[in-house]
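Okay, so here's the structure we're looking at.
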There are 2 protein chains.
Amino acid sequence: MQPANAYAAQCPTRLVLDRVADKWTVLVLGLLAEGPLRFNELRRRVEGVSQKMLSQTLKGLERDGLVTRRAYATVPVTVEYRATPLGHTLSATLDPLRIWAETYIAEVQAAQRRYDAVA
Amino acid sequence: MQPANAYAAQCPTRLVLDRVADKWTVLVLGLLAEGPLRFNELRRRVEGVSQKMLSQTLKGLERDGLVTRRAYATVPVTVEYRATPLGHTLSATLDPLRIWAETYIAEVQAAQRRYDAVA
DNA sequence: CTTTATGGTATCCAATGGAAACCAAGTGCC
DNA sequence: GGCACTTGGTTTCCATTGGATACCATAAAG
């Protein structure tokens with residue numbers, strides 16, 4: 001088995017990076033790392049996500065073993081999502097990304113204004 | 001000014017997260033953090049990236065102040081890209097993501113096989 | 001009897017991504 | 001002289017994706 005190398009096109013790491021380097025994944029997993037949430041609660045908290053994309057994102061996260069889904073036979077049905085231990089390790093590495101965005105947003109926007117002024 | 005919050009739809013942080021949570025951005029910036037590279041060298045190293053997407057990714061990174069572009073009037077023209085200090089801070093926060101992917105790839109793939117076996 | 005809530009799926013259209021062709025300028029090759 | 005090859009792109013076209021909207025079953029509340 002070859003060493004993992006995300007820069008090689010056929011490396012399976014690339015597939016994982018694809019899934020992980022995704023806007024909704026970062027946001028959804030970030031919330032689930034704080035505690036379990038239900039579908040519509042996630043939908044309200046992650047502003048702008050459509051039902052389709054949230055459903056799709058959660059399915060992907062579940063398939064990757066990052067999130068578990070539990071349905072309760074209440075009425076209406078209750079479905080609870082929570083991060084697995086593996087999901088928590090990923091969320092922990094994604095936290096700095098959200099923090100970076102919030103920290104350097106002003107610098108990035110200033111750079112954008114400079115760039116756009118020239119062009 | 002409101003505090004940055006990536007979960008709010010209108011928050012500019014969301015825009016930054018969009019750009020940053022991108023496959024090609026992660027890979028390209030990761031290489032440029034190691035040292036300056038030319039366009040076609042990047043293209044060869046980031047396997048599978050098309051000229052269009054590489055060009056687009058680099059333009060975005062430049063606009064965000066994460067990468068600088070320098071053209072030399074050689075023949076054929078030489079264009080060199082390098083990470084800015086800001087770009088280095090982002091790359092440093094993205095490194096753990098690539099490392100996570102390479103570390104846990106086996107676990108993720110095992111989870112996928114389990115999931116697919118049930119379905 | 002209509003509205004509300006749950007957690008989705010189905011459908012449609014716009015936007016995005018990728019493959020391939022094309023471009024200019026100059027150098028080497030035959 | 002003429003063809004191919006290099007650089008760093010842009011353009012064009014088509015397939016895939018994303019998002020908005022409508023729809024579904026079930027049951028409780030008003």
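All chains are named by letter (A, B, ...) in the order of the sequence lines, taking the proteins before the strands, and each is independently numbered beginning at 1. As the structure is a computational prediction, the values presented were derived from the model and not from experiment.
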message = Looking only at the side chain of B/Ser50 (C-beta and beyond, no hydrogens), which of the listed nucleotides C/dG8, C/dT6, C/dG18 gets closest?
response = C/dG18
ask   = Whole Å only: how far is the CG atom of B/Leu27 from the P atom of C/dG17?
value = 14 Å
ask   = Quick one: bend of the helix from C/dC1-D/dG30 to C/dC30-D/dG1 from 5 pairs per end, to 10°?
value = 20°
A/Tyr81 side chain, from C-beta outward: closest of C/dT6, D/dG18, C/dG8 = C/dG8
request  = Grab the CG-P distance between B/Asn40 and D/dC5 for me, whole Å please.
outcome  = 15 Å
inquiry  = Just the rounded figure in Å: distance from C1' of D/dG8 to CD of B/Glu41.
reply    = 14 Å
request  = With heavy atoms under 4.0 Å as the rule, sort A/Arg43 into base, sugar-phosphate or nothing.
outcome  = nothing
message = Please determine whether a side-chain nitrogen or oxygen atom of A/Arg38 lies at a distance below 4.0 Å from atom OP1 or OP2 of C/dG7.
response = yes
request  = Report yes if a side-chain nitrogen or oxygen of B/Trp24 is closer than 4.0 Å to either non-bridging phosphate oxygen (OP1 or OP2) of C/dG17; otherwise report no.
outcome  = no
ask   = Between A/Arg70 (CZ) and C/dG7 (C1'), how many Å, whole number?
value = 17 Å
query = Are A/Leu31 and A/Leu54 connected in a single hydrophobic cluster, I mean Ile/Leu/Val/Met/Phe/Trp/Tyr linked by side-chain heavy atoms less than 4.5 Å apart?
reply = yes
remark   = All heavy atoms of A/Leu37 vs all of A/Leu42, minimum pair found to be CD1-CD2, 3.8 Å
message = I need the CD-C1' distance between B/Gln56 and C/dA15, as an integer number of Å.
response = 12 Å
ask   = Nearest of D/dG8, D/dG19, C/dG7 to any side-chain atom of A/Val77?
value = C/dG7
A/Glu41/A/Arg43 salt bridge by N-O under 4.0 Å criterion = no
Given DNA chain C, 5'-ward residue of the pair A/Pro76 and B/Gly48, judged by closest heavy atom = A/Pro76
request  = Let me know the distance between CD of A/Glu62 and P of C/dG7, rounded to the nearest Å.
outcome  = 15 Å
ask   = Going by an N to O cut-off under 4.0 Å, is there a salt bridge joining B/Asp22 and A/Lys23?
value = no
Contact summary for B/Leu32 and B/Tyr81, nearest pair of heavy atoms = CD2-O, 3.5 Å
inquiry  = Regarding B/Asp64 and A/Gln112, do their side chains bring together a donor and an acceptor under 3.5 Å, going by distance alone?
reply    = yes
inquiry  = If you compare all heavy atoms of A/Ala6 against all heavy atoms of A/Leu17, which two are closest, and at what distance to 0.1 Å?
reply    = CB-CD2, 4.3 Å
request  = Send over the distance from A/Phe39 CZ to D/dA25 P, rounded to a whole Å.
outcome  = 19 Å
inquiry  = Among residues at least two apart in sequence or on other chains, which ones pass side chain to side chain donor-acceptor pair (under 3.5 Å) with A/Glu107?
reply    = none
message = If you compare every side-chain N and O of A/Lys52 against the phosphate oxygens of D/dC23 (OP1, OP2), does one of them come in below 4.0 Å?
response = no
key: Phosphate OP1/OP2 of D/dG8: any B/Ser55 side-chain N/O under 4.0 Å   = no
key: From D/dG9, C/dG18, D/dA27, nucleotide with atom closest to B/Arg69 side chain   = D/dG9
query = Are OP1 or OP2 of D/dT10 and a side-chain N or O of B/Gln51 less than 4.0 angstrom apart?
reply = no
inquiry  = What is the distance, to the nearest angstrom, from the CE atom on A/Met53 to the C1' atom on C/dC12?
reply    = 16 Å
task = Side chain of A/Val75 only, please: which of D/dG19, D/dG9, D/dA27 is the nearest?
result = D/dA27
query = Hey, does A/Tyr72 reach any base, or is it just sugar-phosphate, or nothing, if we go heavy atoms under 4.0 Å?
reply = nothing
inquiry  = Taking any heavy-atom pair under 4.0 Å as a contact, classify A/Arg44: base, sugar-phosphate, or nothing.
reply    = sugar-phosphate
